[in-house]
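All values below come from the heavy atoms of this structure, side chains included, with hydrogens, waters and symmetry mates left out. Residue numbers start from 1 in every chain, and the chains themselves are labelled A, B, ... in the order their sequence lines are given, proteins ahead of strands.
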There are 2 protein chains.
Amino acid sequence: MERNTRQRQAVLDAIDRAGRALTPSEILALAQASVASLNLSTIYRHLHALQDDARITKVMLPGQAARFEAACAGDHHEVAHHHHHFHCSACDRVYALHACPGSMQELAPEGFVVRAHEITLRGLCAECAA
Amino acid sequence: MERNTRQRQAVLDAIDRAGRALTPSEILALAQASVASLNLSTIYRHLHALQDDARITKVMLPGQAARFEAACAGDHHEVAHHHHHFHCSACDRVYALHACPGSMQELAPEGFVVRAHEITLRGLCAECAA
DNA sequence: ATACTTGCAAAACATTTGCAGTGAG
DNA sequence: CTCACTGCAAATGTTTTGCAAGTAT
């Protein structure tokens, strides 16, 4: 997974241009505009490879299939920026939130060691609320 | 799904006695102690029915299969208590957290309507940290 | 030319559903 | 005695993998 193929470029372009997290099916639909024969297996293989290369990030939300977003989406750091997500109940789209209220250590009982936290907001995006 | 069968009781007992959220497979293993022939299909059917009866709650965590916990676990309200969860990376168990930092409205951009939020903490539970 | 990539089909999981037989009330 | 419930097998949706053919370098 290191050659620069049309398929790899199509997957990366779809994600880079989206500006939000996409499901593998959405990526398939978008990338097939460039490479009509594109297959879901190939999509998944490139999604893994692009994660290893830190070009994209996997976004897992409760009860949702995995989505993928451009690494460093919306910021200009070298390392992936810690952030959370908003899931619109109406259009089912997922948007990155560039804020974080802090470590949440205090929510855990005595003796529990908190190493990470994830916050998901749900509701209506600006478009659907209008 | 309204008769009081051995299967239904076995599923409910397993969840009520666990004190933490269980996966359907864990429930199967526990409930088969009472009803050896018990089947995963039956488990799932009762899980839906018990949710409708508000006896149990479905717990969805990012990247995890669904788990189920007793409704009102750990508190004494009539309505399901709003709470979050801790997922131990070592033993893969899920514990309820009886605290919540608030609505998180402020994390969303202008125009977004926040209707709900979910927080998942990950790390080591007291047992695994020791 | 060589070895990485691709597409397809089939396998893995979690969950749901059709159906015919079983059992609670 | 009925109709809901159960168990099994098959279907669904998402993700992974084996393999033979295709292609970038």
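- Between the side chain of Thr5(A) and the base of dT6(C), no donor-acceptor pair of N or O atoms lies under 3.5 Å.
- Of the two residues near DNA chain C, Arg6(A) and Glu2(B), the one whose nearest nucleotide lies more 5' is Arg6(A).
- Here dA4(D) presents its C1' atom at 16 Å from CG of Asp52(B), a figure rounded to the nearest Å.
- Between Pro24(A) and Leu40(A) there is a side-chain heavy-atom pair separated by less than 4.5 Å.
- One atom, CZ of Arg67(B), and another, P of dA14(C), lie 11 Å apart when rounded to the nearest Å.
- Taking atom CG of Leu40(B) as the reference point, atom C1' of dA10(D) lies 15 Å away to the nearest angstrom.
- Distances from the side chain of Arg45(A) to the nucleotides dG7(C), dT2(D), dA14(C) place dG7(C) closest.
- Separating the CE atom of Met60(A) from the P atom of dT14(D) is a distance of 13 Å, rounded to the nearest angstrom.
- Arg8(B) and Glu2(B) are not joined by a salt bridge, as no carboxylate oxygen comes within less than 4.0 angstrom of a charged side-chain nitrogen.
- Aromatic pair His117(A)/His84(A): ring centres closer than 6.0 Å.
- Comparing atom distances between the Thr42(B) side chain and each of dG7(D), dG7(C), dA24(D) picks out dG7(D) as nearest.
- Thr5(B) has its side chain within reach of His46(B): a pair of non-hydrogen atoms, C-beta onward, lies under 4.5 Å apart.
- Picking from dG23(C), dT15(C), dG7(C) the nucleotide with the shortest atom distance to the side chain of Arg3(B) gives dG23(C).
- In this structure, of dG7(C), dT15(D), dA14(C), it is dA14(C) that holds the atom nearest to the side chain of Ala65(B).
- Note on Ser37(B): a side-chain N or O is less than 4.0 Å away from OP1 or OP2 of dG7(D).
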